[in-house]
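What follows is a set of notes on a single structure, which appears directly below.
So that the names make sense, note that chain A is the first sequence line, chain B the second, and so on, each numbered from 1.
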Protein chains: 2
Amino acid sequence: MNPTILVVEDEPAIQELLAVNLKHAGFLVARAASAEEGDAVIRAALPDLVMLDWMLPGQSGIALARKLRADERTKELPIIMLTARVHEEDKIQGLEAGADDYITKPFSPKEMVARVRAVLRRRSPHLAGEAINIGGLKLNPATHRVTSGDQNIELGPTEFRLLFFFMTHPERVYTRAQLLDDVWGDHVFIEERTVDVHIRRLRAALEPYGHHERIETVRGTGYRFRGN
Amino acid sequence: MNPTILVVEDEPAIQELLAVNLKHAGFLVARAASAEEGDAVIRAALPDLVMLDWMLPGQSGIALARKLRADERTKELPIIMLTARVHEEDKIQGLEAGADDYITKPFSPKEMVARVRAVLRRRSPHLAGEAINIGGLKLNPATHRVTSGDQNIELGPTEFRLLFFFMTHPERVYTRAQLLDDVWGDHVFIEERTVDVHIRRLRAALEPYGHHERIETVRGTGYRFRGN
DNA sequence: AGAATTTGTGACCATTTTGTGACAGTCCGG
DNA sequence: CCGGACTGTCACAAAATGGTCACAAATTCT
């Protein structure tokens, strides 16, 4: 359902930045810190798109791109190159190597995500994220907006992520632990009850529009978003 | 409730990729980086399926597979092998070792998840997250919903667990002690008559839909869920 | 039939689980 | 450096659930 994106980037901070924003946009993210590692991951499991840093320790990103294009199995794999700057000659090299798009640092996260969507859409339209509409409650991942009819619903960041997760996984019950894992991130140490509080805040925000009852409590287990 | 999958894979990036996609599909994921570690994990807590890399440092995956098949307690444990390529001879070895399916690298994450579901479904449908349907009474473990036709049946947590147990073990008589063990958990100290009360509550909840008579009393012994 | 067992039922209350409001720390833009 | 937005925790309130009990009803045994 959700596309998997492989991020090949040696700088931890930038890798993290990319990963967070992509996850936030609903993508699944795999990471690699070097071209070799990226190559290994790709040989094991084809992602839907590769985001490849131009400059990598050891084998360069562009070399990996060429290699991918040369292999029958990865010929079609979309590639986005990350570069400090694109000179004309780099561009030519890159086009040769077969990148589908470039993103130059520094980049805005929103733009980055938009580029990823654009490339995915070109390859296979259904992978790109469209606005989700469930019973009149609309969430647009691209514009980061939640609306009901023409009314704008203001949400804090966490509320937004929570609602996004629910709307992309309707009808299914999630425990507090699972929600912490999926919405907050794996390694955090947060009280499970904190989830309750955010559920409440989200409900309060949706309440004026009547959508609050979509978030159902499943006693003894967790919460569920009613998808119909 | 959600099936647990043990991933035995030494390559961190691939392990992560597997884990991310499996979690996303609603599975709980345990990890091990070597056959030995995997073995230990399995002995500590039986997962519902093992995804086993063919090539592992030290003891090979295939050796672990054989070992699992040889042990009475893990004889039935579904195994999916991850291989770089399957030669005919590997296949024979693998079949001997008792793998239920193979996934050859590179694989697409979506396909991988589909395979896992397929294997689980073969063993026991409800583990694949499928609803159980007995005579029009439907129980969906993923959404934690019980329905008859399009009517929603509200159940408390214990009632739900009890019904789940019955529906996954129809046609068989259970004593109160066995039910306490299986539905409540081993170590509890609860009056046996308490089971009767919950049976009654469950019957009451099912009664408006005519399914109450499925729960049959076997005098002098216990209860049975009629499976057809 | 009458007594003895076993199971069904309704009610009660303690415990557990969830909802809510408040609060203090952090982060960020101005 | 200030003020506002946002988050994670707490403590307490509200709700629901769960285990028992006492008694009724049903079944079996003499």
Go through the structure and list residues passing ring-ring contact (aromatic ring centres under 6.0 Å, His included) with [X], not counting sequence neighbours.
X: B/F165; answer: B/H169, B/Y174
X: B/H198; answer: B/W184
X: A/F160; answer: A/H24, A/H144

Exercise. Nearest-nucleotide wise, let me know which of B/R200 and B/D196 is further upstream toward the 5' end of DNA chain C.
Key: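 Mapping each residue to its closest nucleotide by heavy atoms, the 5'-most match is B/D196.
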
Self-check item: Pairs where residues 209-228 of chain B contributes a residue and the test salt bridge (Lys or Arg N to Asp or Glu O under 4.0 Å) is met, not counting sequence neighbours
Solution: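 Residue pairs passing salt bridge (Lys or Arg N to Asp or Glu O under 4.0 Å), neighbours aside: B/E216-B/R224, B/E216-B/R226.
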
Quiz item: Between A/L202 (CG) and D/dC6 (C1'), how many Å, whole number?
Solution: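 Spelled out: CG on A/L202 to C1' on D/dC6 is 15 Å.
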
Quiz item: Roughly how many Å is it from CZ in A/F160 to C1' in D/dA5, rounded to a whole number?
Solution: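 Between C1' of D/dA5 and CZ of A/F160: 17 Å.
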
For [X], check side-chain hydrogen bond (donor to acceptor under 3.5 Å, both in side chains) against everything at least two apart and list the hits.
X: A/T4; value: B/N21
X: A/E159; value: none
X: B/R31; value: B/Q15, B/E16
X: B/S148; value: B/H211

Self-check item: All salt bridge (Lys or Arg N to Asp or Glu O under 4.0 Å) counterparts of B/R200, not counting sequence neighbours
Solution: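 With neighbours one apart ignored, the set is empty.
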
Quiz item: Near B/N152 CG, under 6.0 Å, is it more than 12 heavy atoms from other residues, nucleotides or ligands?
Solution: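 Atom CG in B/N152 is packed in, count exceeds 12.
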
Self-check item: Structure string for DNA chain D in dot-bracket form, Watson-Crick and G-U at under 3.5 Å, | interchain
Solution: ||||||||||||||||||||||||||||||

Quiz item: Using a cut-off of 4.0 Å between protein heavy atoms and nucleotide atoms, how would you tag nucleotides 13-22 of chain D 5' to 3' with B, S and -?
Solution: --BSSBBBB-

Quiz item: Can you pull the contact range of chain A along DNA chain C, 5' to 3', using atoms under 4.0 angstrom from its heavy atoms?
Solution: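 Under 4.0 Å from chain A, the extent on DNA chain C is C/dT17 to C/dA22.
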
Practice problem: Give B/Y223 one of three labels, base, sugar-phosphate or nothing, depending on what nucleic acid heavy atoms sit under 4.0 Å from its own. | Solution: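 Contact class for B/Y223: sugar-phosphate only.
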
